[in-house]
Amino acid sequence: MSSVQRGKKSIVLRLALIVFAVYLIVQMGALQKQLIDKRAELSALKAEHQSIVLKNQELCELLSSGSENDLIERAARDKLKYVYSDEEVYTDISGK
C-alpha cells in the first residue's frame with residue numbers, strides 16, 4: 001500500500017470513530033433523560049401507593065372498631081356529600 005492510501009484509510013477510520021463517539025454521547029443523553037423521567041414517575045407512583053395504603057389502614061381501623069354507624073356516616077359524608085340538617089359546611093375555594 002502506498003502512504004496516500006494508508007492516510008485515506010486512517011482519516012476514514014478516524015471519522016468513523018468520531019461519528020460513532022458522537023452517536024454514543026447522544027444516545028447516553030437520551031437514556032439519561034429517560035432515566036430522569038422514569039424516576040419522577042416512580043416517585044409519583046410511590047406517593048400514590050403510600051396514600052392508598054394510609055387510606056386502606058384507616059378503613060381497616062374503622063371496620064375493626066366495630067362501629068358501623070361511624071363507617072356509614074363517613075361514607076354518607078364523603079361519597080354522597082350528606083350533612084346534618086343543623087350543620088354548617090364551609091368550602092375552601094382558594095384551592096390550597
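Scope of the values below: all heavy atoms of this structure, side chains included, with no hydrogens, waters or symmetry mates.
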| query | Going by side-chain heavy atoms closer than 4.5 Å, which hydrophobic residues are tied to Leu15, directly or by a chain of links? | reply |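 Its cluster partners, ordered by chain and number, are Ile11.
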| Leu31: which other cluster members, linking ILVMFWY side chains closer than 4.5 Å, directly or transitively? | none
Contacts table for residues 35-59: side-chain donor-acceptor under 3.5 angstrom, sequence neighbours left out:
unit_1, atom_1, unit_2, atom_2, d
Asp37, OD2, Lys33, NZ, 3.0
Glu58, OE2, Arg74, NH1, 2.0
Glu58, OE2, Arg74, NH2, 2.4

| request: State the CD-CZ distance between Gln27 and Phe20, to the nearest 0.5 angstrom. | output: 10.0 Å
| query | Which residues satisfy the salt bridge (charged side-chain N to carboxylate O under 4.0 Å, His left out) test with Glu88, sequence neighbours excluded? | reply | none
| task | With the side chain counted from C-beta on, respond yes when Tyr84 and Glu73 share a heavy-atom pair under 4.5 Å apart, and no when they do not. | result |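 SC-SC contact between Tyr84 and Glu73 confirmed.
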